[in-house]
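This is a predicted model, so every value here is computed, not measured.
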Amino acid sequence: MTIAVSDPPARMTHGFDYTKLVLYGIALVLCVLIVLPMSWLIYYAFVDKNGAFTFGNFVTLVNDPTLLDPLITTFTLAFSTSLICCIVAAPMGWLVARTDMPLRRTVRLLVTASFVTPPFLGAIAWELLAAPNSGLLNKIYRVVTGAAADEHLLNIYSFSGLIFVIACYTFPYVFVLVANALDRTPGELEDASSILGGSTWVTARRVTIPLVLPAILAGALVAFLQAMTLFGSPAILALPAGFHTMTTKIWSLFQYPPKPELAAAASLPLLILTVLLLRAEHMILGRRSYAVLGGKNSDPRLIRLGWMRWAALALCFIVLLNPVFLPYAALFNATFSKVASQFITFSNFTFHNIHFVLFELSATKLALYNTFVLGIATATIGTVVAVVISYLTTREAVSGHRALGFLATAPVAIPGIVLGVGLFLSYTRPPFVLYGTLWILLLAFLTLAMPAAYQQMQSALKAIHPELEDASRILGATRLKALRQITAPLLRTSVIATWCFVFVGTIRELSAAVMLFTSETKVISVLIFDLNESGDLAAISVLGLIMLVVTSGIVALANRLRLGGGSVRLRDN
Amino acid sequence: MHGRLSRRDVLKGSGAAALSLSSGTLLSSTKVIAAAPPATAVTLALIEAAKKEGKVVYYTSVDLPLAEKIAKAFEAKYPGVAVRVERTGAERVFQRIGQEYGSRIHAVDVVNSSDAAHFIVWARDGLLAPFVPEDVARHYPADHKDADGLFATFRIGLSIIAYNTNTVKAEEAPRSFADLLDPKWAGKIVKAHPGYSGTILTATFQLARDLGWDYLEKLGRQRIMQLQSASDPPKKLALGERAVQADGNEYNIFQIKESGGPVEPVYAAEGTPLVIGPNGLFKNAPNPNAARLFQCFCFSAECQQLISDVGGQRSVHPWIKEKAGRKPFKDIKTMKEDAAGVEKAAEDIKVRYSKIFKV
């Protein structure tokens, strides 16, 4: 805080507030990113095949059971997933952030591992595990119980199977939000409760939980929307089970002969519901202030669980069995086995699958290259934009910030597949002919990453009290300068976290990519999807493990950078 | 996407009944029929020109490992020309090319599709380049090459019933499509999807024509495991995930069986659906010479023998020796191929199918 004072006074007085300029710049970018494809979507929802205005698409939507059923299925799916995620992830987040449970860092790391696992890869791994007849777990079940050959314990090709698999890869959203919120919440509040005689549990119930409630609600919302707009897992598990979700239905509407009008109409209910949910969240949380990181903080004291800490750990590991240990074991098994659904033995051990993917499959190299170029570009640009937007909105720096926040959150309502179509319609004609280049994929990934990046940065910024910046500004710094010197260092952890978040989100993105790729711009996720359609499970396992190794490497690197930078939390001295 | 003609529209305007692959002619009221161009042999000049381009992009719906083997064999024979394989289901190949060409992206050089009806559409849209490899001119029967020289039958596939020998005894195995309706197969059948696979679209057309939609409706009540690609049911069968496949590629069954997998083909008493997979060259191919060289290679006895031996495909090249242990093609009762019929009915088949099978 002494830095501002040391600056020459002349520069302070002439400091120009660039914020407006930034606002308009960003708003323009967001408009192009979001409004353009959305306009096409709405336009298509209200026209018939000849381009005349009509409500006919919606009439078809309501009357055609092959369209209405998926809609109901999708809502049930999203609600169940969200509920399961909260029940599982919120206690886990509390355990790692606030208790003396052993191996807390390991648990966090493993949740990260389930987060970096693309949901479609998880779905394929669970096919290997729990397909009713060939699934490895069902085979073990039959051997152990001596059940007949056509009996099974688990059937992944079912509605409950799909909910389970989606929840496996959605719960990290809730976990991360809750754990981060608790990390940021200073211990004083809880200390105060203890000092005033509150027992551990009273403190947890009356102080800690209300403090993380916004994070849980936000997590539930993200999980709901995630499950609602997911494409890969339903495409892999729902079709063999004989039902559609909204996303797979929309995708099938774009198969030949394409019906973009119906698809557009079918995606509008999803959009409207999302807008309503976001409004509801705002109403619930809007009136309270949750600024918890001020100038004075101390580390929270950990709650002693006693003997229960081992039980808690066991519980965490049982949960983590499902998204991490079992699926990766299955993928590992399939990688080295001649038949994907057989356990590795000496007689069927093979390197052929690895050789096939690395040396025979001509699409591998290009797809890997495209994926990582896009991942890094999206993460970098996306994080920068998210930081600026969330600063403008949380500090209410300029008029019109609400619209900006809405624009940044809006893509969460657009199923990737629909966005893909919107982008396809927008960028295949002049003045922007981008289809066939990596740029159109970059736009798609940026748009899709924006809500998560924005929400992360926004909750990080909300937790930093403006008093710190105000101090800097009172001492004469311009807004941008205060941002650079005060807010930016405080945000470093969140920025790195967001970068990783966007990166892994991008390289596992399938639904928009599946609409927008060409042979020159194929990415790994699309390659895996193609391989799944022809049943090449071993090749998928190899690619999946490559993806895991590379993403873990990048996430580990980011974590190291963060640790190397010293403690980010501001201390009073 | 807007304003593109559906297959049905296209057909209405040009005399659908006159179109037939088996007659080997493409008649239309608006198009002047040109004779096929003279046959092209592989010359040093062609090889050099192809090397200058350095690569060829092959969109295909054939099973991926086989496609990559064809690519490797070509690259070994003509070093310096790389093949990039883009494999996906035939219906998606078709949709993808339509999408790319609609945006003036000309990425594809050579295409292979297991839905022969696609070639009728591409030919009519004027997208294909007339080109006749020497082998096609010399050895291929007239009903397996286009009169204008736009495409020829690269491979013939059969969509067959098959069963897992671990879970089904030979004497209990189904012998016919009608057998699949037996309640004992409920929940044990796997099949692929005509909205995705050209092979299955063609097979579904022939089944609906010969056995009636009534049959498919009954089959739909058997709690089918629904997959997409015709390559997938044999693989799920091999894994033991289901006991019987109602349809799927014969060649995958061969590959699995011959490498020791527990599967056995069944040639249905009613006849086996026959699927022709032509190869064609695009007029706007980015690598025209490499494309020609690749097309010549595809129809050579060498490549045809490869796709027969390794790939289990049926070939119309007269020099090809079929592997021992496989039922000879001439001994199999097949259903009648009718690409023009498929083209006319495609949309209807997909709609009715998804009503019956719910996906």
When heavy-atom pairs shorter than 4.5 Å are enumerated against chain B, which of [options] gives the highest number?
options                            : value
L537(A), D69(A), V339(A), D536(A)  : D536(A)
P132(A), A363(A), G535(A), S134(A) : S134(A)
S341(A), S534(A), A340(A), A539(A) : S534(A)

Working to the nearest 0.5 Å, report the span between [atom1] of [X] and [atom2] of [Y].
X       : Y       : atom1 : atom2 : result
S259(B) : K338(A) : OG    : NZ    : 9.5 Å
Y157(A) : M225(B) : OH    : CE    : 3.5 Å
K358(B) : T66(A)  : NZ    : OG1   : 10.0 Å
E520(A) : E86(B)  : CD    : CD    : 8.0 Å

Indicate the atoms forming the closest heavy-atom contact of [X] with [Y], along with that distance.
X       : Y       : answer
D530(A) : R87(B)  : OD2-O, 3.7 Å
M515(A) : R96(B)  : O-NH2, 4.1 Å
R92(B)  : E533(A) : NH1-OE1, 2.7 Å

If I measure from the heavy atoms of chain B, does [X] come under 4.5 Å with its side chain, its backbone, both, or neither?
X       : answer
N532(A) : backbone
V526(A) : neither
Q342(A) : neither

V85(B) backbone acceptor or donor facing S362(A) side chain under 3.5 Å: yes
Contact origin within [X] toward chain A - heavy atom pairs under 4.5 Å:
X       : value
K72(B)  : side chain
V190(B) : neither
K188(B) : side chain

Residue by residue, which of residues 352-359 of chain A have a heavy atom closer than 4.5 Å to a heavy atom belonging to chain B? F356(A), F359(A)
If you count every heavy atom of other residues, nucleotides or ligands that lies below 6.0 Å from Y369(A) atom OH, does the total exceed 12? no
More than 12 non-hydrogen atoms from neighbouring residues, nucleotides or ligands closer than 6.0 Å to NZ on K365(A), yes or no? no
Is any side-chain heavy atom of L239(A) less than 4.5 Å from a side-chain heavy atom of H193(B)? no
Please tell me if the side chains of V359(B) and P240(A) come closer than 4.5 Å, counting only heavy atoms from C-beta onward. no
Considering only heavy atoms and a distance below 4.5 Å, find which of L227(B), I105(B), I224(B), V108(B) pairs most often with chain A. I105(B)
Most contacts with chain A, counted as non-hydrogen pairs under 4.5 angstrom, among V57(B), D63(B), T88(B): T88(B)
Taking a cut-off of under 4.5 angstrom between non-hydrogen atoms, the residues of residues 228-250 of chain B near chain A are Q228(B), S229(B), S231(B), D232(B), K235(B), K236(B), L239(B), G240(B), E241(B), R242(B)
